[in-house]
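First up is the structure itself, then whatever we jot down about it.
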Amino acid sequence: MSVPSIIVNFKAFRESMHEGAFEIARAAERVSRETGISIGVAPNYIDAYYIAKNFDIPVLLQHVDPVDFGAYTGQIPVESLVLYGFKGSLVNHSERKLRIDEIRRIVSKMNELGLISVVCSSDNMESVALSVLKPSAVAVEPPELIGTGISVSKAKPEVVREAVDPIKRMGNVRVLCGAGITTADDVRKALELGVDGVLLATAVTKSSNPEGKLMELAGAFKF
Ligand code: G3P
């Protein structure tokens, strides 16, 4: 399975848990069906299995742990994703950082299992360093813009632009960007910088009309 063009991270917002999560999942399913643009979702753990079972969209976890099955209280073994039909996971999100050895272990296991690993990075240096691990994608997300509504593609285009070529030189590693992406124009600008897709949260999870917002964002891939 390839890396979705749009990934919506539900985080732990009240609006995107339980019924809210199902509404966004339904919206993502409809919009990807209608537009042909692949939309993946990263719901909170508690909602993830219900969504994977009931909606025809790729479900990624927000985090996974560098452990095998065993006595690890409160941890998610990489292999367990396969049991539940999850397609992959975000890894090293700036709100859930990991050490480099942990990321290496997770990515290598995910590659072995054919799971999508979307490894998040905060800047150019980290992006390039992480792409060496050959994840499915590196998502460039300057933490200071996360949740601000100020898009990385407009406010810090150089961070994205300078990461794209070195990451793509690694071979089969896709590039996403995220932080503050809110409008179709933000997505268009990101695509102009050379990314393959976007990772976002607030614009969809806090929208009063998630389906309309996703339709707007998906529209940016059509031109
Ligand atoms: O994982 C996506 C996220 O960190 C970006 O958040 O709210 O700026 O779209 P947001």
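All values below come from the heavy atoms of this structure, side chains included, with hydrogens, waters and symmetry mates left out. Predicted, not measured: the structure shown is a model, and the values here were computed from it. For ligands, and for the atoms within them, numbers begin at 1 and follow the listed sequence. Position 1 is the first residue of the sequence, and the numbers go up from there.
- Ionic pairing of K156 and E162 is not present here: no N-O contact between side-chain nitrogen and carboxylate oxygen is shorter than 4.0 angstrom.
- When side chains are defined from C-beta on, P58 counts as touching M1, because their heavy atoms get closer than 4.5 Å.
- The salt bridge (charged side-chain N to carboxylate O under 4.0 Å, His left out) contacts involving residues 67-83 comprise D68-R105, E79-K109, where partners must be two or more places apart or lie in separate chains.
- If you number the atoms of ligand 1 from 1 as listed, the ones under 4.0 Å from a heavy atom of T202 come out as 7 (O), 9 (O), 10 (P).
- Remark: ligand 1 atoms within the under-4.0 Å shell around heavy atoms of K11 are 3 (C), 4 (O), 6 (O).
- Distances from ligand 1 to the non-hydrogen atoms of G178 include no value under 4.0 Å.
- Counting only heavy atoms from C-beta outward, the side chains of V195 and V160 approach each other to under 4.5 Å.
- Interface atoms of ligand 1 facing L199, defined by a heavy-atom separation under 4.0 Å, are 1 (O), 2 (C).
- Of the residues K11, H63, Q62, the one that meets the side chain to side chain donor-acceptor pair (under 3.5 Å) test with E95 is K11.
- Residue A201 touches ligand 1 through backbone and side chain together, judged by heavy-atom distances below 4.0 Å.
- In this structure, A203 falls outside the shell of residues with a heavy atom less than 4.0 angstrom from ligand 1.
- Near E141, the atoms of ligand 1 lying under 4.0 angstrom from a non-hydrogen atom of the residue are 1 (O), 2 (C), 3 (C), 4 (O), 5 (C).
- Heavy-atom contacts of G147 reach the following atoms of ligand 1: 7 (O), 8 (O), 10 (P) (cutoff under 4.0 Å).
- Between P4 and I39, the closest side-chain pair of non-hydrogen atoms is not below 4.5 Å.
- Nearest protein neighbour of atom 1 (O) of ligand 1, counting heavy atoms only, is H93 NE2, 2.8 Å.
- Residues L176 and V140 are not in side-chain contact: their nearest non-hydrogen atoms beyond the backbone lie 4.5 Å or more apart.
- Of the polar atoms of E95, none of the N or O atoms is found under 3.5 Å from an N or O of ligand 1, judged by distance alone.
- The backbone N or O of V67 lies less than 3.5 Å from no partner atom in the side chain of D65, so there is not a single donor-acceptor pair.
- Looking at N9 against ligand 1, only its side chain comes within 4.0 Å, counting heavy atoms.
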